[in-house]
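Okay, structure first, notes after.
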Amino acid sequence: MSVTSSDSATYSGALEGSNAKRGLWSSRLAFILAATGSAVGLGNIWKFPYITGENGGGAFVLMYLICIAVVGIPIMMAEVMIGRRGGRSPVSSLRLITERDGLRPVWKLMGAVGILAGFLILSFYSVIGGWAVSYVGTAASGQLTGQSADAIGAIFSGLLSDPMTLLLWHSVFMALVMVVVARGVSSGLERAVTILMPALFVLLLIVVGYAMTSGGFGRAAAFLFQPDFSKLTTSGVLVALGHAFFTLSLGMAVMIAYGSYLPKDISIAKTSITVSIIDTGVALLAGMAIFPIVFANGLEPGAGPGLIFQTLPLAFGQMPMGSFFGTLFFVLLIFAAWTSGISLLEPIVEWLEEQKGMNRTVSTIGAGLVCWALGIASILSLNLWSDFAPLSFVPTLEGKTIFDLLDFFTANILLPLGGLLVAIFAGWVMSRQAVKKELALSPGAFRLWHGTLRFVTPVAVAAVFVYNLM
């Protein structure tokens, strides 16, 4: 495809001014809080502690930090750069860029892959967010106090087996997300994250402060920060690589959408690095909040996904002021899930506004209701449809419920695919001059980023992709 000089000027103007009439983040801090709010979610506070426990602690944490540097930061910079370069929704941004630079139009589908991934994830993420909402009441009412492990397990099993209760909390969580997104960039997203993110940090620090008095803080610090490489397996390395990628909300078009609201005078590199550091810090703080309580109560750090909803509630039920701190912890979990849920809905709402001419409120309600309805299938797969495994004729998918399939399809196929395409597009396909102009890095820093994105990141993401499919 070729473009004439007049076409070039037209598209250049579109790229330079495409976000002139749209909302923009008011400051670098606002973008950092929003991007961090997207990145900090259940992956940090729910998943990171239990996969660290399963993979031996310190050596896994060190590998995770390395992966953040060589995979997470380069792809985040690329996604934000694409979003700001296009200045519109992920699909429209990629369409404008491909038309301006004479690239194959098929690349605009990369944005659609990310939007689909985020939409599917939100449908079941909202269900898990509903669990956290439910547990606030459970902890506050003292139902966890003095309970045995079997009784705590029965509370969680009882929640999962009750579709109407799950539907209620799923609806509450989705409504919280929709209310914020419907209000737009400045009145909705920015105002929400400037309240929720500082509150989340304060709550997390309070829980860490309490954990320091629990008697298990020294063991927790040693577990997290003293590497024992004998406990690190090949599988653990790939899990660290995969989590470093997913925890930053990469591959789901979120950072492209958020980047489209980023003013031109804000450094993409500095903000991406800052977001990555804060996100990683929150994950480590979550570990320091959770593992001291686990060790002090003689519990198992490798308890798996039940660590948050079964193992920790058992500890909260036995400790002084456990109801208060248990309630505080699950409020923290809601805030983390809420900010991530907002970011997952935003890309499709942004696209509906542009392509279908809907106003912000109508597009939010429409997208939110479809996502909410899809979440009902995930709810039913936890109870009434628990024996329904629609793709069991595929060996690797045998026995997987709808909830399991949505998780598998997004985490193991769509997100790695989206990240791999971003790395290839920004590193090999986009105009080198356009990329240099947008990033505004020093020559040495640009060579480091560009070389990593072209040669290191794609290989790492492809390794995760193949490993997860196997």
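The first residue in the sequence is number 1, and the count goes up from there.
Note that CD1 of Ile256 is 12.0 Å distant from CE of Met76, once rounded to the nearest 0.5 Å. Of the inter-residue distances, the one linking Ile121 atom CD1 with Leu406 atom CG reads 10.0 Å to the nearest 0.5 angstrom. Of the inter-residue distances, the one linking Ser27 atom OG with Ile266 atom CD1 reads 6.5 Å to the nearest 0.5 angstrom. For the atom pair OG (Ser126) and CG (Leu374), the distance works out to 10.5 Å, reported to the nearest 0.5 Å. Between the CD1 atom in Ile68 and the OG atom in Ser276 there is a gap of 6.0 Å [rounded to 0.5 Å]. Note that the OG1 atom of Thr52 and the CZ atom of Phe60 stand 5.0 Å from one another [nearest 0.5 Å].
When all heavy atoms of Leu453 and Ala426 are compared, the pair lying nearest together is CD2-CB, 3.7 Å. For Phe403 against Ser378, the heavy-atom pair with the smallest separation is CD1-CB, 3.7 Å. Minimum heavy-atom separation, Gly287 to Pro292: O-CD, 3.7 Å. Shown here for Leu397 and Leu391, the closest heavy-atom pair between the two residues is CB-O, 3.6 Å. Closest heavy-atom contact between Ser38 and Tyr258: CB-CE2, 4.2 Å. Across all their heavy atoms, Val181 and Glu346 have their closest contact at CG1-OE1, 3.7 Å.
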Do any side-chain atoms of residues 200-209 form donor-acceptor pairs under 3.5 angstrom with protein atoms, and if so which ones, sequence neighbours left out?
none

Can I get a per-line list of side-chain donor-acceptor pairs under 3.5 Å for residues 364-372, giving both atom names and the distance, sequence neighbours left out?
from   : atom 1 : to     : atom 2 : distance (Å)
Thr364 : OG1    : Arg360 : O      : 2.8
Trp372 : NE1    : Ser171 : OG     : 2.8

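Here the side chain of Glu79 pairs no donor or acceptor atom with the backbone of Leu250 at under 3.5 angstrom. Checking side-chain atoms of Arg85 against main-chain N and O of Ile97 turns up no donor-acceptor pair under 3.5 Å. Without hydrogens or angle criteria, Thr339 side chain to Phe335 main chain gives a donor-acceptor distance under 3.5 Å. Checked by atom type and distance alone, the side chain of Ser340 never pairs as donor or acceptor with a backbone atom of Ala337 at under 3.5 Å. Of the possible polar contacts, none joining the Ser157 side chain to the Ala154 backbone as a donor-acceptor pair under 3.5 Å is found. The backbone N or O of Leu382 sits nowhere less than 3.5 Å from a side-chain atom of Ser386 that would complete a donor-acceptor pair.
Using a 3.5 Å distance cut-off with no hydrogens or angles, the side chains of Thr401 and Asp404 do pair a donor with an acceptor. A donor-acceptor contact closer than 3.5 angstrom links the side chains of Ser92 and Ser89. There is no side-chain donor-acceptor pair under 3.5 Å between Gln143 and Thr138. A side-chain N or O of Asp279 and one of Thr247 form a donor-acceptor pair less than 3.5 Å apart. Using modelled atom types and a 3.5 Å distance limit, the side chains of Arg28 and Thr274 yield a donor-acceptor pair.
Atom NZ of Lys108 is surrounded by 12 or fewer heavy atoms from other residues, nucleotides or ligands within 6.0 Å.
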Next on the checklist: Determine whether Phe217 and Phe291 satisfy the following criterion, ring-ring contact (aromatic ring centres under 6.0 Å, His included), listing intermediate values before the conclusion.
Outcome noted: CA-CA 8 Å; Phe217 196 79; Phe291 286 121; over 10 Å; no
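Among residues two or more places apart in sequence or in another chain, the side-chain contact (heavy atoms from CB on, under 4.5 Å) test is passed with Val466 by Met470. Checked against side chain to side chain donor-acceptor pair (under 3.5 Å), Thr327 has no partners two or more places apart in sequence or in another chain. With sequence neighbours left out, Ser363 forms a side-chain contact (heavy atoms from CB on, under 4.5 Å) with Val349, Leu352, Glu353, Met358. Residues passing the side-chain contact (heavy atoms from CB on, under 4.5 Å) test with Ala377, sequence neighbours excluded: Trp385, Ile402.
By the 30° and 60° cut-offs, the orientation of the rings of Trp107 relative to Phe425 is tilted. Classification of the Tyr135-Phe330 ring pair by plane angle, with boundaries at 30° and 60°, yields tilted.
Residues Glu438 and Lys264 are paired through a salt bridge, judged by an N-O separation under 4.0 Å between the basic side chain and the carboxylate.
In this structure, Phe31 has its ring center at least 6.0 angstrom away from the ring center of Tyr261. Two rings, from Phe223 and Phe295, have their centers less than 6.0 Å apart. When ring centroids are compared, Phe173 and Trp338 stay outside the 6.0 Å threshold.
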